[in-house]
Each structure stands twice: as structure tokens, then as C-alpha cells.
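Let me begin by presenting the structure, written as C-alpha cells, before commenting on it.
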Number of protein chains: 2
Amino acid sequence: MKNNSSHQKISVAVDVLLFTIEDDKLKIVLVKRKEKPFKGSFALPGVALRESETLKEAAERSVRERTGLKNIFLEQLYTFGELERDPRSRTVSVTYYALTDPGKLDASGADDGVSLISVDEILKGDPELAFDHRGIIEYGRNRLGGKVNYSDIAFEFVPEEFTLPQLQRVYEILLGENLYKANFRKMISPLVEETGNMLTGMAHRPSKLYRRKEV
Amino acid sequence: MKNNSSHQKISVAVDVLLFTIEDDKLKIVLVKRKEKPFKGSFALPGVALRESETLKEAAERSVRERTGLKNIFLEQLYTFGELERDPRSRTVSVTYYALTDPGKLDASGADDGVSLISVDEILKGDPELAFDHRGIIEYGRNRLGGKVNYSDIAFEFVPEEFTLPQLQRVYEILLGENLYKANFRKMISPLVEETGNMLTGMAHRPSKLYRRKEV
DNA sequence: TGACTTAGTAGCAATTTTGTACTATGATAA
DNA sequence: TTATCATAGTACAAAATTGCTACTAAGTCA
């Protein structure tokens, strides 16, 4: 923070990695670009930062404009500032990751041109992405994996009422490894409480529904 | 990342939290402001991001210009973008934290106006800082505490050859709690190797010197 | 009604963490 | 030259956690 030398030619963008889990796969919301560089490619939903909004507000706006979602989990990820990230101008991107369960996302009536794409596929390189967005997603995916163990982000991927097998699956997908049922339950039980309801209708024993316990 | 609407009035700054441990206390490098807002107050060393440099290069420049230090540990911390952070103009600050052992810092011949200040004192509010820098330091100090357990940052605070009691002290200061000698040694021993030298001259049993083991 | 499939639990073995108590060694001072 | 001091370093048991296996439970479906 020093003398701001007159006019600045550096743009500030805010991009969002909106993750969800659907069909037992980690997926991310991407938008199809309609403009000049990388036209037709998928990219992260992003906005140019306005002078009148904070970074987080810009991230919320980005999510809201594309998907209609409000009040979802949103946390800053990293800021990317390589020189040639954007061919148009020097752009610094502050990235956020957002998490939601797929139910909310379906219900929110997203734009056309908004797609849910498998993160694994993207990392394998299948849909090639605009800018450096593949690298950003790779970074975000790794952070997500690390965060599972020392935070409660897993709950963001399930609805308010969920079964323990559902929640366990979320952990397994984020961690990339299978967990033992008995241990998972011992670990998670202090954090949840039964709602009294059951999830029935499956061709096997029904499971209890839980909610997240306060504090 | 979207249409960059003509001229932008948002400045990008890069500020650095340069931590070290001296006299058994976590300290941070601050500079005394010589200019308009908060003149005379302490502030984090920072620079305005240049169009021709990456964020990390700007952070390195900030460290080098103030302290002369090169090639030190540097990692991005967080990006702050509240509206009223800087009274002069809307400024987004990308912050980095840097770590060094106090020996290097002394040897580097820092500027006048560069001070090493106790982080605990700052958090208690003693030297009041410019801008939102106290909050930034608080955030950085917490992250540092968390990082100790799943990274090797503690090694950055000691010289190449160090004793295990020295290294343990670093852990204790960063974690804010005392560790059991025996446990600490079991935990750390796979990461270090003896140099064959001893640190002698103390009025008690001398201790072996170690270095960090490769990979 | 019995087979199937997943939900949920019991409990032991292996490992890690926590904690205490001991021995070791150079400097210092009588 | 020897006892004392202060910290370095080690041994080992108790407690907690994790890893793993094997069981019982309860709906649906043929």
C-alpha cells in the first residue's frame, strides 16, 4: 500500500468456483463464453469488481447473476495474478469457492449457458477451459480436499435433512478414498442429531434422517 | 472475468507480513509511514502492483526494498477488499506472509524506519497501526498457527543448523502451547538428521545440531 | 415368505497420542 | 576434583484414536 501512481491499467476480476455433488461426482458450474477471447469455451462465472462493492459481494453477485442462488456458502480461495492470464489486459482474479447441494441449484432456475461439469473430467482436460481456469479449478479442488478434515464444509453439499450414508459419501468423494462406516459414524455423531424422520422407499433398510447440530 | 469497463478506479496493492521469532517471541516487520494518511504510524511493508510484475514478484520486491532480504519463504495469505480500507482510493490488497530467521534479518541491513515488533503487543493494540493492518496481522497470525501442524513452516524460523530444543520452541510459540519433549522428538525425527556438530558453551548439557532432511 | 440390499452396531487389534520419570553431560563454583 | 545446576535426551506405560471385521436390522421385491 503505497503511492497509487495516477491511473492504473490493472483490472480486478472476481471468479467463483461453485461446487456441488451430483450422481456421486464432484461437479462445478461453468458458463459458456459468448465473447471475444475463448468464445464458445467454458469458463468460471466471474465479474469485474465494481468500485462500490466488496470482493465477497462481487462473488455473491457473480453467483446470483448466473444461477439465481443466494445465501450460499462462499469463501475466498486464492488470488491469481500471472502476467498473461487474460489476453485483453492485465487482470488479477480474486477467486472464491461456493458450495451447494444440487437440490438448491436445480430449484434456482439458472441461465442458459450454465452447465454443471464433472471436475474429474475437467482435470483430465476434456472440456478445455478459457484462460487459466483449469489450473484454478485444480487448485480449488485440492484445497477442498484438505478442508474436509478440519472444517464442516461437507454439510454444505447435502440438504438440511440427510442420512449418514449420504454424508459419508460426500466425505469419500471429497477425500478421494473410502471410509469405514463405523468410524465415520463415531467421528460425525457429535456433530449431528436425529430429526426423527426416516428416508424410506428404497429396496433395503431405510435410514434415519439427521440434521446438523448447533454448535 | 468479464468486460473490463474502460478505466478502472481500483488500485491493487501487495502487502507483506514478514514474521520472525526473536527472544522467544513472534515478531513482524513494520515500517513507519512518512506520508499523508496515517503519517507516523506503523504499517505493513507494501507496494503498488506494477503492470509488469506478478503478485509474488511484487511481494518479493516489497521485502527486498525494505529489508534487503532475498529468496525467503513467501506465500500468499489473503486478499482484502473492504470499501473503506484506504481513505485515498478504493484499494484491494493482496497479502503475502514471509518467514525468516532473525539472523538473516539482522545481516541484511534493513532501512531505517523498519522495526521488528511483537505480534502479541500489536494484537493487544499497543502500537496502533495504519489502515486495517492490525486486522490483517491478526488473520495472518491465526493462519500461521494452523499451518504449523500440516506444513514445514517452522523450519523457516531457524538457521540451517539448529537444535531440537530450538525448533521445539518455535512450534510452541506458533501453537501457543507447550509440547512434550519426548513426543516432539518422535514427531520431528523423520524430518531431520544430525549434522554431527554440537551446540556447546551453555551451562548445561550441550545439544546436538540438526539439519532438515531432504524429502 | 424368503432373498436381497443397504443401514446400523459390537468389539477387538493396531497404532498414535499423552504424559511421567528417569538418565546424561557440560559448565560452574566451592 | 567433586558436588550442583540446568537443560538434553530416552524409556516406557496409560489413554485415546483408528483400522478393520463381522455381525444384526429392516425395508422392498419376486
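Hydrogens, waters and symmetry mates are skipped; everything else that's a heavy atom, side chains included, is used. Proteins get letters first, then strands, A, B, ... in listed order; numbering begins at 1 in each.
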Give every donor-acceptor pair under 3.5 Å between a side-chain atom in residues 18-29 of chain A and any protein atom, sequence neighbours left out.
from  : atom 1 : to     : atom 2 : distance (Å)
A:T20 : OG1    : A:T100 : O      : 2.7
A:E22 : OE1    : A:K27  : NZ     : 2.9
A:D24 : OD2    : A:R169 : NE     : 3.0

Value in whole Å for how far the C1' atom of D:dA8 lies from CG of B:N197: 17 Å
Whole-Å gap separating C1' (D:dT7) and CG (B:L179): 17 Å
For B:R61, side chain to side chain contact (heavy atoms under 4.5 Å, CB included) partners two or more places apart: B:V47, B:R50, B:E53, B:R64, B:E65
Pairing residues for A:P206 by the side chain to side chain contact (heavy atoms under 4.5 Å, CB included) criterion, not counting sequence neighbours: A:M198, A:T200
Which residues share a side-chain hydrogen bond (donor to acceptor under 3.5 Å, both in side chains) with A:E84, sequence neighbours left out: none
Contacts of type side-chain hydrogen bond (donor to acceptor under 3.5 Å, both in side chains), residue A:T79, not counting sequence neighbours: B:T79
Among residues two or more places apart or on two chains, list those pairs meeting side-chain hydrogen bond (donor to acceptor under 3.5 Å, both in side chains) that have a residue in [range].
range	result
residues 113-131 of chain B	none
residues 174-187 of chain A	none
residues 150-163 of chain A	A:D152-A:R212, A:E161-A:N197

With sequence neighbours excluded, residues passing salt bridge (charged side-chain N to carboxylate O under 4.0 Å, His left out) with B:E75: B:K147
Interface residues of residues 147-168 of chain B with DNA chain C (non-hydrogen, below 4.0 angstrom): none
Ring center gap for A:F155 and A:F157 short of 6.0 angstrom: no
Span of DNA chain C in contact with chain B (heavy atoms, under 4.0 Å): C:dT18 to C:dA27
Annotated protein contacts, base or backbone, on nucleotides 19-30 of chain D with a non-hydrogen cut-off under 4.0 Å, one of B, S, - each: BBB---BBBS--
